[in-house]
Student: 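Structure provided below as structure tokens; questions to follow.
Counting starts at 1 for both ligands and their atoms, in listed order. All values derive from a computational prediction rather than experimental measurement.
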Amino acid sequence: MGRALDGVRILDFTHVQSGPTCTQLLAWLGADVIKVERPGIGDITRGQLRDVPNADSLYFTMLNANKRSITIDTKHPKGKELLEGLIKVCDVMVENFGPGVVERMGFPWERVHALNPRMVMASVKGFGPGPYEDCKVYENVAQCTGGSASTTGFDDGPPLVTAAQIGDTGTGLHLALGIVAALYQRTTTGQGQRVLAAMQDGVLNLCRVKLRDQQRLAHGPLTEYPQYPNRKFGDAVPRAGNASGGGQPGWILKCKGWETDPNAYIYFITQAPVWEKICEIIGKTAWITHPDYAKPEARLPRLTEIFDTIEKWTMTKTKFEAMDILNQYDIPCGPILSMKELAEEPSLRKTGTVVEVDHPTRGKYLTVGNPIKLSDSPTEVKRSPLLGEHTDEILRKVLGFDDTRIAEFKASGALGGTKPMAAE
Ligand code: CAO
């Protein structure tokens, strides 16, 4: 069976997380991704957070599956010559270098467009045009500048970053969408275009409900927030703890075993249509008709008391027992699953969301597979490449070089050592 992006060739200059997550996704959708890496070093993550000595880290292997690796010194004149050749035969160039790097390298958009007018050139940057456009950015900087940190955490604590990599992987997803849209537009215009996804923009997009609340705040307190009714609201959206952020109040509640298990909790949503059932399950049938509890608006000032009461019930069940019971009545809830539980969950293995991959230097490891399932474009997760593993193959098959030409480029020093190896 074919795959959605069969025939699309990507020149991948990405590193660390935001860019690699984008090109990995495109590879899973069928694109041929050629990752250009610095000779001898490669993507810096190859050597970061290493668990197995002399083997590419999980940081790298989990973000660079299904790609090919070529080493090119992009500052070397012969390296630049190779890049020109690759630009001419690829459809998309993706990069997430610091601001100005690609221009210093000699490949600004105007030049890339002149070399190959059909090429889509896609970039992740920390910020879009404006006061911070020249700044380098990592995940948590984006979370802080995109509105996530100021709205995450508890009212009486500092701003918090979240474990979900919304700045990096979130922006990679945005960029991937921009790339496939540009490729689609190219089918009618015949031209490539520039695609930019700024991490601040991506995080703000994912935090749009908080900008919604910022505007609601001008019309009175946010009645579904835990600050209501007893605590004061300032002039900016406050941190709402574990409140749901939607129209149906929710909170994280303790379950049986919480004293020793840090994840013995369940997220419980008091969805209005199932309120009667909730009252029956927790033994509070009087609340079904009581004017202080019967209607959603009446419950808003009493949410703390309500969740405390529901928690007395959830504490008598394990999170999985509570999940089973509540779902019999369509009460939306979710056990807090640890990474250990997710890694061991058979249904995620079955769907290919969690995949075991074998690697020549590190052995078997788990990765998160393609979370997007297409009925006519199956994903097969393949291990990440060793540094420079495909240098010869790409020179020969993509650029059409013969032995003499390959030897010439090797001798120039533009490729570094071409023997496949784990980075230092
Ligand atoms: N051969 C030779 N040189 C190479 C090369 C190659 N194959 N690949 C990269 N380089 C060089 C670049 O040319 C650049 O050199 P100059 O600064 O001399 O022009 C140099 O490597 C550094 O590039 P950089 O600024 O991108 O890298 P950094 O480690 O200093 O910064 C990061 C990393 C992520 C902060 C920065 O790239 C950035 O802000 N990227 C945009 C935002 C982003 O994607 N952030 C998410 C990162 S994941 O958390």
Student: At less than 4.0 angstrom from any atom of ligand 1, which residues have a non-hydrogen atom? List them by chain and residue number.
Tutor: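 Heavy-atom contacts below 4.0 Å: His15, Val16, Gln17, Ser18, Glu37, Arg38, Ile72, Asp73, Thr74, Lys75, Asn96, Phe97, Gly98, Val101, Arg104, Met105, Val124, Gly126, Lys136, Val137, Tyr138, Glu139, Asp168, Met199.
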
Student: Report the relative orientation of the aromatic rings in Phe307 and Phe268; use parallel for angles under 30°, tilted for 30 to 60°, perpendicular for over 60°.
Tutor: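 Geometry flag for Phe268 against Phe307: perpendicular rings.
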
Student: Just checking, any donor-acceptor pair under 3.5 angstrom between side chains of Thr314 and Lys319?
Tutor: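 Short answer, no.
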
Student: Can you find a side-chain donor-acceptor pair between His359 and Thr361 that sits under 3.5 Å?
Tutor: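 Side-chain D/A pair, His359 to Thr361: present.
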
Student: Parallel, tilted or perpendicular, judged at 30° and 60°: which one describes the rings of Phe13 and Phe97?
Tutor: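 Tilted.
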
Student: Establish, yes or no, whether the cationic atom of Arg46 lies under 6.0 Å from the six-membered ring centre of Phe60 and within 45° of the ring axis.
Tutor: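 Judged by the rule, Arg46 and Phe60 form a cation-pi pair.
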
Student: Tell me yes or no: between the side chains of Glu224 and Ser244, is some donor less than 3.5 Å from an acceptor?
Tutor: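 The answer is no; no qualifying pair exists.
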
